[in-house]
Amino acid sequence: MTTTIRVALVDDQALFRAGIKMLVGSQPDLEFVGEASDGEEGVVMVAEARPDVVLMDIRMPVMDGIAATSAILADAEAAARRPPRIIVLTTFDLDEAATRAIRGGASGFVLKDADPEFLLAAIRTVHAGTAVIAASATRELFEHFDGRSSRAAAIPPAFSTLTSRERDIFDLAARGLSNSEIAGREFLSEATVKTHISRVLSKLSLRDRVQLVVYAYEHGITE
């Protein structure tokens with residue numbers, strides 16, 4: 001039996017919300033469970049509706065998508081419940097606000113004018129625990145806006161708990177390589193790579209590969 005994915009939307013454009021609601025509602029494996037017109041309303045709505053995936057606009061009145069993303073994840077942590085996956089909706093391919101939202105806990109971003117099928121695929125992909133955007137694209141965002149001089153030099157103590165093999169996998173994943181590419185480079189099976197990735201994420205308290213790239217970039221761990 002397939003589990004229905006509960007989806008919510010936070011966006012200040014009524015017509016856009018109506019379109020997304022119809023699109024999501026047309027899919028047998030998706031259920032539209034709530035909408036909000038600004039970030040503040042969105043935080044309340046998410047707490048009540050408990051969606052699995054939230055589509056979050058960046059630029060909104062009252063509270064923007066960056067602040068709302070942080071608040072939603074903080075509320076979930078405080079209530080000891082599983083946080084929703086958050087997909088940031090942006091109008092620009094290279095968007096500084098999207099970078100900040102990813103730092104705040106979003107699992108990736110999608111352009112607002114993306115094809116409907118791509119958005120639907122993104123929802124399913126994020127729900128399955130994978131980042132929407134390639135890690136290499138995330139890395140490009142940080143380098144484009146921040147510059148390498150802003151990266152921190154201190155490496156967190158948790159990183160020292162990784163084994164030598166896990167550090168190798170971490171480095172390749174942070175560079176944007178897929179599981180299959182890492183498997184080929186390291187002469188491992190994809191299943192083994194997936195297991196290593198899961199252990200790395202667990203040890204470093206990271207949600208997904210996008211967060212892994214954020215971690216690597218901010219602490220200057222990879223070149």
Side-chain angles (χ1 to χ4, degrees), residues 3 5-12 17 20 24 30-90 95-110 112 119 122-135 137-139 141-142 145-146 152 156 158-159 173-174 197-198 200-219:
T3 301
I5 303 172
R6 296 167 58 82
V7 182
L9 171 65
V10 185
D11 192 283
D12 64 338
R17 293 200 307 272
I20 294 298
V24 170
L30 305 181
E31 179 185 3
F32 192 86
V33 298
E35 61 182 284
S37 60
D38 62 59
E40 190 172 272
E41 289 181 3
V43 174
V44 175
M45 178 271 293
V46 169
E48 295 175 348
R50 303 286 184 86
D52 300 310
V53 177
V54 178
L55 303 176
M56 177 72 71
D57 190 20
I58 286 277
R59 294 169 177 82
M60 295 180 291
V62 184
M63 178 187 286
D64 64 27
I66 301 168
T69 292
S70 297
I72 287 169
L73 296 178
D75 283 355
E77 182 177 2
R81 66 172 182 266
R82 183 178 179 180
R85 299 282 180 172
I86 299 177
I87 301 174
V88 171
L89 302 173
T90 178
D95 192 332
E96 183 176 12
T99 308
R100 286 158 47 210
I102 290 170
R103 278 203 177 100
S107 293
F109 73 92
V110 171
K112 294 188 77 170
L119 178 59
I123 292 170
R124 296 180 179 110
T125 299
V126 161
H127 182 255
T130 305
V132 172
I133 55 174
T138 310
R139 190 176 179 84
L141 275 174
F142 293 130
F145 289 109
D146 291 341
F159 190 75
I197 291 289
S198 295
V200 168
L201 295 178
S202 178
K203 286 183 177 182
L204 302 181
S205 299
L206 304 174
R207 276 185 294 276
D208 52 38
R209 292 169 72 108
V210 167
Q211 291 295 306
L212 184 151
V213 176
V214 174
Y215 184 98
Y217 182 83
E218 292 191 326
H219 296 293

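Along the sequence shown, the residues carry numbers beginning at 1. As a basis for the values below, the full set of heavy atoms in this structure was taken, side chains included, without hydrogen atoms, waters or symmetry mates.
- We find the CG-CZ distance between Leu89 and Arg59 to be 12.0 Å, quoted to the nearest 0.5 Å.
- The distance from the NZ atom of Lys112 to the OG1 atom of Thr90 is 9.0 Å, given to the nearest 0.5 Å.
- Closest of all the heavy-atom pairs between Met60 and Ser37 is SD-O, 4.3 Å.
- Pairing each heavy atom of Ile102 with each of Phe109, the nearest pair is CD1-CD2, 4.3 Å.
- Going from atom CD1 of Ile5 over to atom CZ of Arg85 covers 11.5 Å, rounded to the nearest 0.5 Å.
- Evaluation of the salt bridge (Lys or Arg N to Asp or Glu O under 4.0 Å) rule for Arg81 yields no partner, not counting sequence neighbours.
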Identify all side-chain donor-acceptor contacts of residues 42-57 below 3.5 Å with residues at least two apart in sequence or on another chain.
residue : atom : partner : partner atom : Å
Arg50   : NE   : Ala47   : O            : 3.2
Asp52   : OD2  : Arg6    : N            : 2.8

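- Closest non-hydrogen pair, Ala106 versus Val88, comes out as CB-CG2, 3.6 Å.
- For the pair Thr69 and Ala101, the tightest heavy-atom approach, listed with the atom from each and the gap, is CG2-O, 4.3 Å.
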**Request:** Step by step, work out the side-chain contact (heavy atoms from CB on, under 4.5 Å) result for Ile86 and Leu73.
**Result:** CA-CA 9 Å; Ile86 299 177; Leu73 296 178; 4.3 Å; yes
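- Between the side chain of Ser202 and the backbone N or O of Ser198, no donor-acceptor pair lies under 3.5 Å.
- When all heavy atoms of Ala122 and Val110 are compared, the closest pair comes out as CB-CG2, 3.9 Å.
- Applying the ring-ring contact (aromatic ring centres under 6.0 Å, His included) test to Phe32 and every residue at least two apart in sequence or in another chain returns nothing.
- Side-chain atoms of Asp38 and Asp12, non-hydrogen and from C-beta on, never get closer than 4.5 Å to each other.
- At least one side-chain heavy atom of Leu119 sits under 4.5 Å from a side-chain heavy atom of Ile20.
- Separation of atoms CG (Asp11) and CD1 (Ile58) is listed at 11.0 Å; rounding is to 0.5 Å.
- A distance of 11.0 Å separates CD in Glu41 from CE in Met63, rounded to the nearest 0.5 Å.
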